[in-house]
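Working notes, structure below.
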Amino acid sequence: MQPELIVFFVLGTVAVGSAIGMLLSRNAVYSALFLILNFATVAVFYLVLGAPFIAMVQVTVYAGAIMVLFLFVIMLLGAEHLERRTGADWQKPIAALLGVVLLVEAGYVLLSESVSLPGINVPAADYGAPVAIGELLFSEYLLPFEVTSVLLLAAMVGAIVITRRDAPRRKKR
Amino acid sequence: MVPISWYLIWAAALFSIGLFGVLSRKNAVAILMGVELMLNAVNINLVAFWRYLDVRAIAGQAFAVMVFAVAAAEVAVGLALVISVYRRRQTVAADEIDLLKW
């Protein structure tokens with residue numbers, strides 16, 4: 001019992017601290033690196049919860065692919081230092097207020113309702129294995145899976161079309 | 001075991017930080033990062049409920065995988081929009097992109 005508590009608190013502190021660091025750092029590159037640290041700690045949390053496949057997907061897709069895309073765009077545009085130039089002063093207090101209200105509300109609901117589920121020990125090692133998740137995705141959730149594939153195709157085509165630099169006009173010449 | 005409400009409160013904290021980031025930052029890329037943080041907090045909830053309710057029903061993990069796919073699609077299109085806007089207006093600050101504002 002005790003080691004799990006220690007792991008929970010250390011990881012939780014690192015995750016929340018890195019999220020706050022992402023907010024406070026002026027340089028967008030540092031924000032992205034803090035976010036990678038946050039995603040890595042969340043991946044360790046998935047391991048603690050007994051979901052190794054999700055943890056690995058978290059590392060490869062989120063911390064790997066998505067954040068590399070972020071860093072690539074930040075450095076391509078040179079968008080590191082765009083915070084200081086403009087400012088709407090009323091925006092930050094309202095944002096902080098809304099965030100704190102949401103946090104207090106969620107914490108109050110969770111504590112007052114006393115969401116206490118017993119917590120089942122994992123009966124076998126292969127629950128949550130990629131094989132089981134794949135079988136579920138291809139049998140019960142086949143339609144959402146196919147819709148997701150269409151969504152990914154649409155996103156790919158959309159990204160290519162949006163970033164194309166006025167190619168049709170050049171073809172007419 | 002750690003009670004589930006701790007996981008949920010912790011995920012709510014991450015979600016709130018992400019919400020603050022989305023609402024307060026002006027760099028469009030940083031706004032997208034806040035959205036990523038919020039999606040991640042939702043994923044923690046899904047996996048935690050899977051673990052604490054019924055381990056044999058792995059629908060929670062399947063949904064988490066779908067959230068990953070949707071997040072990847074969202075980032076691809078969002079960053080493509082940012083690049084496109086930067087080409088035309090030479091800025092990614094959210095309050096300078098005001099052509100639709102009258």
Side-chain angles (χ1 to χ4, degrees), chain A residues 4-5 8 12 15-16 19-20 22-23 28 31 35 39 42 45-46 49-51 54 57 61 66 69-70 73-74 77 79 82-83 85-86 88 91-92 95-96 98-99 102-103 106-107 110-111 115-117 119-120 122-123 127-128 132-133 136-137 141 144 148 151-152 155 158-159 162-163, chain B residues 1-6 8-10 12-21 23-27 29-30 32-33 36-37 40 44 47-48 50-56 58-59 61-62 64-66 68-73 75-77 79-84 86-87 91-93 95-96:
Chain A
E4 201 184 350
L5 283 185
F8 183 89
V16 173
I20 292 174
M22 181 207 98
L23 280 183
S31 298
L35 199 56
F39 287 161
V42 170
F45 259 105
Y46 291 151
L49 279 169
I54 300 292
V57 172
V61 173
I66 290 181
L69 194 61
F70 266 110
V73 169
I74 290 170
L77 300 184
L82 280 171
E83 298 280 310
R85 206 188 289 165
T86 56
Q91 216 168 356
K92 231 162 216 178
L98 288 176
L102 181 68
L103 179 60
L110 291 174
L111 287 179
V115 189
S116 58
L117 299 166
I120 313 153
V122 179
Y127 282 121
I133 295 174
L136 191 69
L137 276 180
Y141 297 109
T148 308
L151 177 76
L152 281 175
I162 287 171
T163 50
Chain B
M1 249 181 107
V2 180
I4 188 175
S5 55
W6 293 10
L8 298 185
I9 289 173
W10 176 70
L14 283 187
F15 190 92
S16 304
I17 293 171
L19 180 70
F20 175 76
L23 291 178
S24 71
R25 303 217 43 178
K26 280 148 206 126
N27 195 335
V29 180
L32 274 178
M33 281 189 218
E36 288 307 303
L37 202 57
N40 221 17
I44 294 164
V47 175
W50 159 76
R51 181 72 178 79
Y52 281 80
L53 276 178
D54 187 3
V55 182
R56 277 154 297 182
I58 49 176
Q61 291 202 39
V65 171
M66 278 179 195
F68 281 136
V70 173
V75 165
V77 175
L79 289 178
L81 281 172
V82 168
I83 289 178
S84 179
Y86 185 80
R87 263 194 206 141
T91 179
V92 294
D95 48 358
E96 289 175 14

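Per chain, numbering begins at 1; letters A, B, ... match sequence-line order. The basis for the numbers below is simple: all heavy atoms, side chains too, and nothing from hydrogens, waters or symmetry mates.
In this view, A:I162 and B:V77, B:A80, B:L81, B:S84 satisfy the side-chain contact (heavy atoms from CB on, under 4.5 Å) rule, not counting sequence neighbours. Contacts of A:F45 classified as ring-ring contact (aromatic ring centres under 6.0 Å, His included), with partners at least two apart in sequence or in another chain: A:F8, B:Y7, B:W10.
The line from CE of A:M22 to CZ of B:R25 is 6.0 Å long, rounded to the nearest 0.5 Å. Atom-to-atom distance recorded for B:E36:CD and A:F39:CZ is 5.5 Å, nearest 0.5 angstrom. For the atom pair CD1 of A:I74 and CE of B:M33, the computed distance is 3.5 Å after rounding to the nearest 0.5 Å. We find the CD-CG distance between B:Q61 and A:L136 to be 10.0 Å, quoted to the nearest 0.5 Å. B:F68 CZ to A:I66 CD1: the interatomic distance, rounded to the nearest 0.5 Å, is 8.5 Å. Remark: B:F20 CZ to A:L102 CG distance equals 13.5 Å, nearest 0.5 Å.
Annotation: maximal heavy-atom pairing with chain B below 4.5 Å, among A:T148, A:V61, A:V42, occurs at A:V42. With chain A as the partner, the residue from B:V82, B:L19, B:L79 showing the most heavy-atom pairs under 4.5 Å is B:L79. Considering only heavy-atom pairs separated by less than 4.5 Å from chain A, the leading option among B:N40, B:I44, B:I83 is B:N40. Listed options A:A96, A:A95, A:G12, A:A155 were ranked by heavy-atom pairs under 4.5 angstrom with chain B; first place goes to A:A95. Per-residue heavy-atom pair counts under 4.5 Å with chain B were compared for A:V16, A:T163, A:L23, and the maximum is reached by A:L23.
In this structure, the portions of A:S31 lying under 4.5 Å from any heavy atom of chain B include both its backbone and its side chain. Of the atoms belonging to A:L35, it is side-chain heavy atoms, and not backbone ones, that fall under 4.5 Å from chain B. Contact annotation for A:L103: both backbone and side-chain heavy atoms come within less than 4.5 Å of a heavy atom of chain B.
Listed here is the closest heavy atom pair of B:A62 and A:L137: CB-CD2, 4.1 Å. The two atoms that bring B:L37 and A:A19 nearest to each other are CD2-CB, 3.9 Å, heavy atoms only. Between A:L69 and B:A76, the closest heavy-atom pair is CD2-CA, 4.3 Å.
Counting only distance, with no hydrogens or angles, the side chain of A:Y46 and the backbone of B:V47 share no donor-acceptor pair below 3.5 Å.
The shortest side-chain heavy-atom distance between B:L23 and A:L98 falls under the 4.5 Å cut-off.
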Apply side chain to side chain contact (heavy atoms under 4.5 Å, CB included) to the pair A:L5 and B:W6, showing each step before the final yes or no.
CA-CA 11 Å; A:L5 283 185; B:W6 293 10; 3.4 Å; yes
